[in-house]
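Below, chains carry the letters A, B, ... as their sequence lines are ordered, and counting in each starts from 1.
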There are 2 protein chains.
Amino acid sequence: MSLKHAILVLLETEPSSGYDLVKHFKRSLGYFWNAKHQQVYQQLKKLTEAQWVTFQAHSQSDKPDKKIYEITQRGKEELSKWIKQPVKTNRINDSLLVKLYGGHLAPRKNLMQELENHTEIHQSTLENLERIEQLYLSLNEEKKAHYLLPYMTLRRGIIGERAWLEWAEEVKNTLQRQSPDIKKAD
Amino acid sequence: MSLKHAILVLLETEPSSGYDLVKHFKRSLGYFWNAKHQQVYQQLKKLTEAQWVTFQAHSQSDKPDKKIYEITQRGKEELSKWIKQPVKTNRINDSLLVKLYGGHLAPRKNLMQELENHTEIHQSTLENLERIEQLYLSLNEEKKAHYLLPYMTLRRGIIGERAWLEWAEEVKNTLQRQSPDIKKAD
DNA sequence: TATTTTTATGCAACTTTTTGCATATTAGAG
DNA sequence: CTCTAATATGCAAAAAGTTGCATAAAAATA
């Protein structure tokens with residue numbers, strides 16, 4: 001849907017190779033948009049066919065050859081059209097919550113372990129985001145203004161992760177207090 | 001992936017028609033698992049073929065006929081196997097954040113309006129969840145214990161929505177203070 | 001020196017999700 | 001009396017996303 005547009009947003013900032021884009025999806029953008037490398041390459045192919053982007057092959061002697069993609073005029077028009085239109089609220093599909101909802105079918109220990117594992121992941125994501133925030137906050141006023149909007153998305157990450165961890169603590173405490181098994185709903 | 005399992009979790013609690021399941025996905029489960037009606041019917045077909053569920057046709061005189069699905073022994077085994085395995089962290093694909101990230105391409109007013117619209121949606125979702133929480137809290141101790149795990153997923157919704165709204169306020173305040181246009185990153 | 005990681009791209013097959021269409025009845029609102 | 005909403009299910013096609021495989025060279029680690 002808007003993986004196309006996410007790619008265009010990145011290319012509008014800076015011409016990049018597919019590999020660069022994948023790295024971006026793993027880092028900055030990755031908190032709110034996920035894409036695997038195959039998907040990025042597939043979409044770049046389609047975007048090229050639609051003439052929203054073009055590329056130039058760069059042969060490198062020390063590393064494998066790469067294709068540097070850049071956004072075209074047509075791509076810019078499409079992006080600017082997209083960005084002015086209302087976006088849909090995003091769909092949430094969270095398996096962990098499905099598992100918890102049906103948690104009476106799993107050993108209590110298993111649930112606790114699962115929560116612990118996810119807590120570690122969220123904890124380290126949060127630390128990462130906070131590290132990036134510190135970098136942002138140390139910039140001069142001009143640069144801070146420059147990166148304000150990406151910073152706002154970073155804030156979403158930080159606030160979201162803190163909320164997640166707060167919730168997980170609540171659940172772990174509740175489950176620990178509630179030792180007897182809970183029967184399933186009928 | 002686990003739409004199949006989400007359906008099984010619901011059917012394990014109570015035999016239901018496809019239509020009932022869709023309603024469930026719009027209400028209780030809907031906060032953390034979304035599925036359109038076509039998808040539910042498609043998956044029910046596949047689940048039937050895999051013999052994880054069976055159904056009985058019920059002809060109704062006043063309303064259209066319906067098929068009541070229930071989980072089979074095989075389905076229960078599969079579900080219990082799935083629920084003991086670790087789940088992946090869920091992927092987040094949030095177009096609103098992509099739009100904000102590339103927000104220098106949109107009129108500032110447009111961004112503010114978009115944030116307002118989403119705020120209204122999240123606000124009413126939160127109110128809804130809080131209403132359900134009140135119902136839960138008014139139950140007797142036995143029933144509260146009974147519905148503890150689904151309640152934990154409700155808490156995720158409440159904490160998550162509050163965090164979203166908190167973030168949106170922060171962004172709206174920041175954007176209002178920051179009146180001059182922000183140039184794109186390079 | 002051997003192994004692993006990083007850089008760099010892609011095809012093919014499959015599964016999942018979305019979009020658009022289609023049908024049919026009853027209840028309620030205007 | 002007409003239109004809309006709710007009940008109830010589904011097909012077909014397209015788009016999006018996942019999984020598995022494949023190649024190839026340099027750089028870093030053991």
Side-chain angles (χ1 to χ4, degrees), chain A residues 1-8 15-27 29-30 32-50 52-53 55-69 78 82 87-95 98, chain B residues 1-8 15-27 30 32-50 52-53 55-69 82 87-95 98:
Chain A
M1 267 284 80
S2 53
L3 170 57
K4 280 193 179 70
H5 297 103
I7 290 174
L8 288 182
S16 318
S17 68
Y19 193 77
D20 294 335
L21 291 171
V22 170
K23 276 194 293 183
H24 254 296
F25 279 113
K26 278 189 189 147
R27 296 188 192 138
L29 221 76
F32 54 90
W33 201 276
N34 289 280
K36 312 214 162 173
H37 89 263
Q38 295 91 335
Q39 225 185 320
V40 170
Y41 287 116
Q42 280 163 15
Q43 287 303 323
L44 282 172
K45 202 178 162 187
K46 285 185 186 176
L47 286 168
T48 306
E49 279 163 19
W52 293 3
V53 303
F55 67 88
Q56 285 191 304
H58 283 236
S59 46
Q60 303 176 115
S61 51
D62 52 335
K63 287 173 193 169
D65 295 355
K66 56 162 123 178
K67 295 177 179 174
I68 303 292
Y69 288 85
E78 172 56 35
W82 175 79
V87 298
K88 291 177 207 155
T89 50
N90 63 313
R91 37 177 294 148
I92 296 160
N93 283 37
D94 191 330
S95 314
V98 173
Chain B
M1 264 289 79
S2 55
L3 171 57
K4 280 193 179 73
H5 297 103
I7 290 174
L8 288 182
S16 316
S17 66
Y19 194 77
D20 295 334
L21 292 172
V22 170
K23 277 195 290 185
H24 255 295
F25 279 113
K26 279 188 188 149
R27 295 186 193 139
F32 54 90
W33 201 276
N34 288 280
K36 311 215 161 170
H37 89 263
Q38 294 93 334
Q39 225 185 320
V40 171
Y41 287 116
Q42 280 165 13
Q43 287 304 322
L44 281 172
K45 203 177 162 188
K46 284 186 185 174
L47 287 168
T48 306
E49 280 161 21
W52 293 2
V53 305
F55 68 88
Q56 285 193 304
H58 283 238
S59 46
Q60 302 177 114
S61 51
D62 50 336
K63 286 173 196 173
D65 295 356
K66 57 162 127 177
K67 294 177 179 174
I68 303 292
Y69 288 86
W82 175 79
V87 296
K88 291 176 208 155
T89 49
N90 61 313
R91 37 178 293 148
I92 296 162
N93 285 35
D94 191 331
S95 315
V98 174

| Closest contact, heavy atoms only, B:Val53 versus B:Leu8 | CG1-CD2, 3.8 Å
| Within this structure, what is the NZ-to-C1' distance between B:Lys67 and D:dA8, rounded to whole angstrom? | 11 Å
| message | Can you classify the ring geometry of B:His5 versus B:Trp82 as parallel (below 30°), tilted (30 to 60°) or perpendicular (above 60°)? | response | parallel
| remark: With five pairs defining each end axis, the helix from C:dT1-D:dA30 to C:dG30-D:dC1 comes out bent, to 10°, by 50°
| d(OH, B:Tyr19; P, C:dA24) in whole Å | 18 Å
| message | Expressed as a whole number of angstroms, how long is the span from B:His5:NE2 to C:dT15:C1'? | response | 14 Å
| query | Quick one: A:Phe25 CZ to C:dA8 C1', roughly how many Å, whole number? | reply | 17 Å
| For the residue pair B:Trp33 and B:Ser2, what are the closest heavy atoms and their distance? | CH2-OG, 3.3 Å
| Non-hydrogen side-chain atoms of B:Phe55 and B:Ile68 separated by less than 4.5 Å | no
| message | For C:dT19 and A:Lys88 - does any side-chain N or O of the residue sit under 4.0 Å from the phosphate oxygens OP1/OP2? | response | yes
| said: The side chain of A:Lys36 is closest to which nucleotide in this list: C:dG10, C:dT7, D:dT18? | reply: D:dT18
| request: For DNA chain D, determine which residues of residues 39-48 of chain A have any heavy atom closer than 4.0 angstrom to one of its atoms, and list them numerically. | output: A:Gln39, A:Gln42
| query | Considering all heavy atoms of both residues, which atom of B:Asn93 and which atom of A:Asn90 are nearest to each other, and what is their separation? | reply | O-CB, 3.3 Å
| note | To the nearest angstrom, the CG-P distance between A:Asn93 and D:dA16 comes to 17 Å
| task | Using modelled atom types only, decide if a donor and an acceptor are shared between the side chain of A:Asn34 and the backbone of B:Ile92 within a distance under 3.5 Å. | result | yes
| field | Taking every non-hydrogen atom, the tightest pair across A:Gly18 and A:Leu44 | value | CA-CD1, 3.6 Å
| message | When you measure from the side-chain N and O atoms of B:Lys4 to the phosphate of C:dT16, is any distance below 4.0 Å, counting only OP1 and OP2? | response | yes
| Interatomic distance where CZ belongs to A:Arg91 and C1' belongs to D:dG17 [whole Å] | 12 Å
| For the residue pair B:Ala6 and A:Val98, what are the closest heavy atoms and their distance? | CA-CG1, 3.8 Å
Enumerate the protein-to-nucleotides 21-23 of chain C contacts in which both atoms are nitrogen or oxygen and the separation is below 3.5 Å.
none

| task | Respond yes when some side-chain nitrogen or oxygen of B:Lys66 is under 4.0 Å from OP1 or OP2 of C:dA24, and no when none is. | result | no
